[in-house]
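Beneath this line is the structure, given in structure tokens, with notes to follow.
For this chain, numbers begin at 1 and follow the sequence in order. Treat the numbers as computed from the prediction; the structure is a model and nothing was measured.
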Amino acid sequence: MKFDATQFKKDFEQGCVFAYPTEAVYGLGCDPINASAMDNILSLKQRPIEKGVILIAGDVKELSGFIEISLLSKEAMQRIEETWPGPFTWLVPKGPKTPNWISGGSDLVAVRITTHELVRDMCKSVSSPLVSTSANIGGMPPARTQQEVIDYFSSQVKLIDGQLGNQAKPSAIINAITMERIR
């Protein structure tokens, strides 16, 4: 489906699961505070809840309440600010709005500010981050085409038309507390 901000917001609020292009691969997303939608994503992917998922946003303001940046060192904040927006996902202290199904029960949550215009528009239309996890079944390669999304999930997700970004591989993941690179 072609992205339409009004329809997207309505579907988002009703708990739909979306497949959408990101910088490198197609992602599956939904309202991060909708337990039923998140259960649907985990079921589709055959993914355990303990792994957690990424929150993707178009602007850091959309992460308000989902993260506690005040708990980060000045150096960590500087590193994060140098990489956003961009293909860097940071593990940061989670805020009170972040459910355990997003963080996998961890005190940290994975967040990214995207450069992908379509994803930025999606987030802006709902004033919220989206769940962002690769569109694939656990252990399978991430979808890089709309046809691969359809092959994995048929009509079980709303597929949003758009082009992948220019990244060759998914975002780096870095722990903002330890500065350890996870991916």
Side-chain angles (χ1 to χ4, degrees), residues 3 5 8 12 18-33 38 41 45 47 50-136 141-145 149 160 162-183:
F3 175 71
F8 180 79
F12 178 86
F18 302 92
Y20 57 92
T22 69
E23 294 88 347
V25 299
Y26 275 82
L28 290 182
C30 67
D31 178 350
I33 59 174
M38 191 61 213
I41 286 179
K45 285 184 61 79
R47 179 184 176 106
E50 296 79 20
K51 280 191 160 188
V53 292
I54 295 170
L55 292 180
I56 193 169
D59 187 287
V60 74
K61 292 181 213 114
E62 293 162 351
L63 294 171
S64 178
F66 288 96
I67 61 175
E68 286 290 346
I69 54 176
S70 64
L71 299 177
L72 293 173
S73 70
K74 195 164 69 169
E75 294 79 20
M77 278 309 304
Q78 184 178 353
R79 294 262 324 263
I80 292 169
E81 289 169 355
E82 289 169 355
T83 64
W84 278 354
F88 291 88
T89 297
W90 290 89
L91 292 171
V92 300
K94 75 178 187 177
K97 280 179 76 173
T98 301
N100 282 333
W101 59 76
I102 297 296
S103 66
S106 169
D107 291 336
L108 301 177
V109 61
V111 293
R112 179 169 84 248
I113 304 298
T114 184
T115 58
H116 196 287
E117 280 303 314
L118 172 61
V119 180
R120 292 170 71 96
D121 290 345
M122 291 165 59
C123 294
K124 183 178 181 180
S125 73
V126 294
S127 302
S128 173
L130 306 174
V131 166
S132 186
T133 183
S134 58
N136 63 317
R144 292 188 181 269
T145 67
V149 171
I160 297 180
Q163 300 296 315
L164 292 180
N166 297 325
Q167 294 298 123
K169 55 187 177 183
S171 66
I173 300 177
I174 305 165
N175 183 318
I177 307 297
T178 65
M179 291 299 155
E180 174 189 4
R181 188 177 179 126
I182 311 299
R183 174 174 79 188

Who are the salt bridge (Lys or Arg N to Asp or Glu O under 4.0 Å) partners of [X], not counting sequence neighbours?
| X | result |
| --- | --- |
| E23 | R112 |
| D59 | K61 |
| E117 | R120 |

Within-4.5 Å side-chain heavy-atom neighbours: [X] and [Y]:
| X | Y | result |
| --- | --- | --- |
| P85 | H116 | no |
| K169 | P87 | no |
| L108 | K94 | no |
| V92 | V109 | yes |
| V53 | R47 | yes |

Can you name the residues that form a side chain to side chain donor-acceptor pair (under 3.5 Å) with R181, not counting sequence neighbours?
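For R181 there are no side chain to side chain donor-acceptor pair (under 3.5 Å) partners, ignoring immediate neighbours.
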Minimal non-hydrogen separation, [X] against [Y], with atom names:
| X | Y | answer |
| --- | --- | --- |
| V111 | W84 | O-CZ2, 3.4 Å |
| P170 | A24 | N-CB, 3.9 Å |
| P21 | I160 | CD-O, 3.5 Å |
| I173 | L91 | CG2-CG, 4.1 Å |
| P141 | N136 | O-CB, 3.3 Å |
| K45 | S134 | NZ-O, 2.6 Å |

Please determine whether the number of non-hydrogen atoms from other residues, nucleotides or ligands lying under 6.0 Å from atom CG of D107 exceeds 12.
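Check fails, neighbour count at 12 or below.
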Just wondering, more than 12 heavy atoms not from I177 lying within 6.0 Å of its CD1?
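Yes, because the 6.0 Å sphere around CD1 of I177 holds more than 12 heavy atoms from other groups.
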Could you go through residues 64-82 and list every donor-acceptor pair under 3.5 Å that involves a side-chain atom there, pairing it with any protein atom two or more places apart or in another chain?
unit_1 : atom_1 : unit_2 : atom_2 : d
S73    : OG     : A76    : N      : 3.0
Q78    : NE2    : E82    : OE2    : 3.4

What's the verdict on side chain to side chain contact (heavy atoms under 4.5 Å, CB included) for D121 and F8, showing C-alpha distance, side-chain angles and the deciding distance?
CA-CA 10 Å; D121 290 345; F8 180 79; over 6 Å; no
Per-pair distances, 0.1 Å, donor-acceptor, side chain in residues 125-132, under 3.5 Å, sequence neighbours excluded:
unit_1 : atom_1 : unit_2 : atom_2 : d
S125   : OG     : M122   : O      : 2.7
S132   : OG     : Y20    : OH     : 3.3

Between the side chain of W101 and the main-chain N/O of I33, is any donor-acceptor distance below 3.5 Å?
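No, the answer is negative, given that no donor and acceptor are paired below the 3.5 Å cut-off.
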